[in-house]
There are 2 protein chains.
Amino acid sequence: MSQAAGEPSEGWQLLDDQLCFALYAASRAVTARYRPLLDELGLTYPQYLVMLVLWEQDSISVRDLGTSLQLESSTLSPLLKRLEAGGLVRRERRAEDERSVAIRLTEAGASLRERAARVPLAIGDAMGLTSEQDAMAKQLLRLITANVTNG
Amino acid sequence: MSQAAGEPSEGWQLLDDQLCFALYAASRAVTARYRPLLDELGLTYPQYLVMLVLWEQDSISVRDLGTSLQLESSTLSPLLKRLEAGGLVRRERRAEDERSVAIRLTEAGASLRERAARVPLAIGDAMGLTSEQDAMAKQLLRLITANVTNG
DNA sequence: CCCTAATGAGTTGCGCACGACTTAATCGAG
DNA sequence: CTCGATTAAGTCGTGCGCAACTCATTAGGG
């Protein structure tokens, strides 16, 4: 166990013992691993997540996108504008409810799906987990998220 | 390979199946849980991590801080300036090597340690994991970080 | 019908996070 | 010793991520 200069450490407050830091470091490390792959597609990591949702379900409101990704409109609105500027999505007010904005894939956005197919495979490969470890990790992370979100 | 809207997805590229998203969501959820606690201390989450390192080992270079936290000097330099402006640390050039800057705690920075003692306990409590689950999660996250970083 | 509350999207301000770059100091081969 | 390469810290530009707020639209009680 590492110690403060001179005095013994008390055991609480050690960076390397904290799950929170392991989580923070792992998340950034994985995102960094995505970067070169996503650069080829002209996407950032959050933009890629938005595209994943749209490839699953085209024409979705900003609100529902926020629910899926747990992101605020203040994060999504500028991001979606950048995707629109890049020609991947269109934004149009809904006739039924003028408050709502539907996000739809353009042709370019839809066709990007094939080029992106290899990304999750490459990342899964880089993570190098067995399927049991992968399942365990997902389960634990979802448990943490659920506990920390409401509790 | 691509599908029309409405059809079932093929299993690759499903947001909810991806470990990377679970990681990203969990990391943000945990940080959000920290926020009200750290607000009372006048710290952000990355600032809190820097303070954790300093409480373990006072007088550390920006370089070594970056190695510990896996952060670039371009992230740390402005962050450390804000901590200095807040009166928690001092920055002084090292005599032995004028390129290097030593970060030292002020009195206020050192005494913040006691007030911060309850933070890891509160977070650990909120995560609600058994000690076995906690250990398993840390192990898996470190494995992912290690594999993804070099590989 | 009216008027207030709510809802959805967007704006602003601030603090990361990182790539690309700059500057200054040190190192090290010849 | 000299001078080109390396190293440490910092700056700049871009894109999140979120709190606090605004604005427009819709819902709903009286």
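Remember, it's a predicted structure, so these values are computed and weren't measured experimentally. By convention in this document, chain letters (A, B, ...) are assigned in the order of the sequence lines, proteins followed by strands, and residues within each chain are numbered from 1.
Within 4.0 Å of A:Leu76, counting heavy atoms only, lies no atom of the nucleic acid at all. Nucleic acid contact class of B:Thr44 (heavy atoms, under 4.0 Å, all strands): sugar-phosphate only. Nucleic acid contact for B:Thr31: none, since no nucleic acid atom lies under 4.0 Å from a heavy atom of the residue. Residue contacts for B:Arg94: at a heavy-atom cut-off of 4.0 Å it reaches no nucleic acid atom on any strand shown. Within 4.0 Å of B:Ser100, counting heavy atoms only, lie sugar-phosphate atoms of the nucleic acid but no base atom.
In this model, the phosphate group of C:dG8 is not approached by any side-chain N or O of A:Arg93 to a distance below 4.0 Å at OP1 or OP2. Dashed line: the shortest gap from a side-chain N or O of B:Tyr45 to OP1 or OP2 of C:dG15 is not under 4.0 Å. For C:dC18, the OP1/OP2 oxygens have a side-chain nitrogen or oxygen of A:Arg28 closer than 4.0 Å. Contact annotation: A:Ser73 side-chain N/O to C:dA9 OP1/OP2 distance is not under 4.0 Å. Checking the phosphate oxygens (OP1, OP2) of C:dA17, no side-chain nitrogen or oxygen of B:Gln70 falls inside 4.0 Å.
Between the CD atom of B:Glu96 and the C1' atom of C:dC27 there is a distance of 16 Å, rounded to whole Å. Put simply, CZ on A:Arg82 is 11 Å from P on C:dT11, counting in whole angstrom units. Following rounding to the nearest Å, A:Arg99 (CZ) and C:dA5 (P) show an atom-to-atom distance of 16 Å. Note: CD (B:Gln47) to P (C:dG15) measures 8 Å, nearest angstrom. The CD-P distance, from A:Glu72 to C:dT7, rounds to 15 Å in whole Å. Distance, B:Leu38 CG to C:dG15 C1': 14 Å, rounded to whole Å. Here C:dA9 presents its P atom at 8 Å from CG of A:Asp97, a figure rounded to the nearest Å. Atom P of nucleotide C:dC18 and atom CG of A:Asp39 are separated by 14 Å, given to the nearest angstrom.
Here the nucleotide nearest the side chain of A:Ser77, chosen from C:dC16, C:dT26, C:dA9, is C:dA9. Counting only heavy atoms from C-beta on, A:Lys81 has its side chain closest to C:dT11 among C:dA17, C:dA9, C:dT11.
At least one donor-acceptor pair closer than 3.5 Å links the side chain of B:Ser68 to the backbone N or O of B:Asp64. Counting only distance, with no hydrogens or angles, the side chain of B:Thr106 and the backbone of B:Leu88 share a donor-acceptor pair below 3.5 Å. Here the side chain of B:Ser111 pairs a donor or acceptor atom with the backbone of B:Ala108 at under 3.5 angstrom.
A side-chain contact (heavy atoms from CB on, under 4.5 Å) with A:Gln133 holds for exactly one of B:Ile144, B:Leu19, B:Leu143; it is B:Leu143.
Nucleotides of DNA chain D with any atom under 4.0 Å from a heavy atom of chain A span, from 5' to 3', D:dG15 to D:dT26.
Closest approach of B:Trp55 and B:Gly109 over heavy atoms only: NE1-O, 3.0 Å. Nearest heavy-atom pair, A:Ala25 versus B:Thr145, reported as atom, atom and distance to 0.1 Å: C-OG1, 4.2 Å.
Note: B:Tyr45 and B:Tyr34 have tilted aromatic rings, judged against thresholds of 30 and 60 degrees for the angle between ring planes.
Other members of the cluster containing A:Met136 are A:Leu140, B:Met136, B:Leu140, with ILVMFWY side chains joined at under 4.5 Å, either directly or via other members.
Position along DNA chain C of the nearest nucleotide to A:Ala29 versus A:Pro78 favours A:Pro78 as the more 5'-ward residue.
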